[in-house]
Every structure is written in C-alpha cells, then in structure tokens.
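Working notes, structure below.
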Amino acid sequence: MAKILDESLIYEILSVVEEIPEGSVASYGQIAALIGREKNSRLVGRVLSRAEFYGDYPCHRVVNHTGRTAPGWREQRFLLEQEGVEFKENGLVDMKKYQWRV
DNA sequence: CTAATGACTGTGG
DNA sequence: GCCACAGCCATTA
C-alpha cells in the first residue's frame with residue numbers, strides 16, 4: 001500500500017467520507033469544509049481517486065457540487081441508485097434531496 | 001527551485 | 001441551463 005498523500009490529511013478526509021449516511025451524497029467542497037480545509041476540495045478528490053488503496057470507503061457517495069459523478073467511473077451511478085439515490089434526466093444527482101445534511 | 005495538473009468551486013455573461 | 005475565467009493548493013514532473 002503505497003503512501004501517496006500525507007497520512008493525517010488522508011485520515012481526516014476518509015473519516016468524514018465514512019460518515020456519509022447511506023442514500024446521501026456529499027460534495028468535495030463540503031467534505032473539505034468539514035475538515036477545516038474549505039479551499040482544498042481538489043485534494044479531497046485526489047484522495048478519493050486513490051481511496052481504494054487505503055481501504056474500503058464509500059467514495060461513491062461523493063460527487064461535485066453540481067451533482068455530477070466522477071468522470072470515467074460509470075459504476076458510481078449504479079452504486080448510488082442501489083442506495084436509493086435518484087438521478088435527474090441530465091444525469092446529475094438530485095442534490096436538493098440527497099445531499100448530506102450536517 | 002519552477003511549472004503543470006486535477007474525482008473542485010465561485011462568479012459573471 | 002451552458003461556457004469561460006480565475007482562485008485554490010498538495011502532488012508530480
């Protein structure tokens with residue numbers, strides 16, 4: 001398991017991702033804010049893209065602020081639909097209903 | 001050291 | 001809604 005990012009940063013991000021309830025989604029910026037790094041939304045995405053190397057995390061419950069799923073990862077939509085998350089005609093998650101409320 | 005990159009976000013047209 | 005542009009910042013080359 002190669003160490004790509006700073007451990008503490010990985011831990012903070014993944015621990016938040018872990019708390020996302022089933023049937024809900026969170027945005028990168030939302031997670032970044034929760035760990036006190038509002039400007040680091042891009043870092044959140046970087047960690048999630050490699051999350052599989054760190055363990056099993058529900059990284060499929062994280063989308064960008066428009067509700068778009070990760071590019072090049074079709075399975076994500078399928079996984080969310082299995083949890084009851086609905087998608088709109090334009091292929092975006094219905095954030096209005098399913099965005100994680102803290 | 002500098003420069004480019006990206007699973008991002010906010011603003012403005 | 002779409003597109004272009006500008007911040008953002010750790011990682012990579």
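In what follows, chains carry the letters A, B, and so on, assigned in the order in which the sequence lines appear, proteins first and then strands, with residues in each chain numbered from 1.
- One P atom belongs to C/dG7, the other to B/dA7, and the distance between them is 22 Å to the nearest Å.
- As a whole-Å value, the separation of A/Arg42 CZ from B/dA4 P is 15 Å.
- Checked against C/dA10, B/dC8, B/dA7, the side chain of A/Asn64 finds its nearest nucleotide in B/dC8.
- Under the 4.5 Å side-chain heavy-atom criterion for Ile, Leu, Val, Met, Phe, Trp and Tyr, A/Ile20 and A/Leu79 are members of distinct hydrophobic clusters.
- Taking 4.5 Å as the limit, some side-chain heavy atom of A/Arg37 sits within range of a side-chain heavy atom of A/Leu9.
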Within the sub-3.5 Å range, which N or O atoms of nucleotides 3-5 of chain C have a protein N or O partner, and how far apart are they?
none

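- Formation of a donor-acceptor pair under 3.5 Å by the A/Glu38 side chain with backbone atoms of A/Ala33 is not found in this model.
- Open room surrounds NZ on A/Lys97; 12 or fewer heavy atoms of other groups in view lie less than 6.0 Å from it.
- As rounded to whole Å, 11 Å separates atom P of B/dA7 from atom CG of A/Leu48.
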Could you go over nucleotides 10-13 of chain B and give all protein N or O partners under 3.5 Å, atom names and distances?
none

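- Spacing between atom CE of A/Met95 and atom P of B/dT9 amounts to 8 Å, rounded to whole angstrom units.
- Summarising the hydrophobic clusters (Ile, Leu, Val, Met, Phe, Trp, Tyr; side-chain heavy atoms under 4.5 Å, direct or chained), the residues clustered with A/Val63 are A/Val25, A/Leu80, A/Val85, A/Phe87, A/Val93, A/Met95, A/Tyr98.
- Nearest heavy-atom pair across A/Gly23 and A/Arg61 is N-NE, 4.4 Å.
- Not one N or O on the side chain of A/Gln76 forms a donor-acceptor pair closer than 3.5 Å with the backbone of A/Thr69.
- Going from atom CD of A/Glu18 over to atom CG of A/Asp56 covers 10.0 Å, rounded to the nearest 0.5 Å.
- Between the side chain of A/Gln30 and the main chain of A/Trp100, a donor-acceptor pair closer than 3.5 Å is present.
- For A/Pro71, the side-chain atoms get nearest to B/dA7 when compared with the rest of B/dT9, B/dA7, C/dA10.
- Remark: C1' of C/dA10 and CD of A/Glu12 are 14 Å apart, rounded to the nearest angstrom.
- Distance CG (A/Asn40) to C1' (C/dG7): 12 Å, rounded to an integer number of Å.
- Among the protein residues, A/Ser27 comes within range of the sugar-phosphate backbone only, with heavy atoms under 4.0 Å from sugar or phosphate atoms but none that close to a base.
- As rounded to whole Å, 10 Å separates atom P of C/dT11 from atom CZ of A/Arg37.
- C/dA10 atom P lies 19 Å from atom OH of A/Tyr28, rounded to whole Å.
- The side chain of A/Arg46 lies closest to B/dG6, out of B/dC8, B/dA7, B/dG6.
- Remark: P of B/dC8 and CG of A/Leu43 are 12 Å apart, rounded to the nearest angstrom.
- Ranking B/dC8, B/dG6, B/dA7 by closeness to the A/Cys59 side chain, first place goes to B/dA7.
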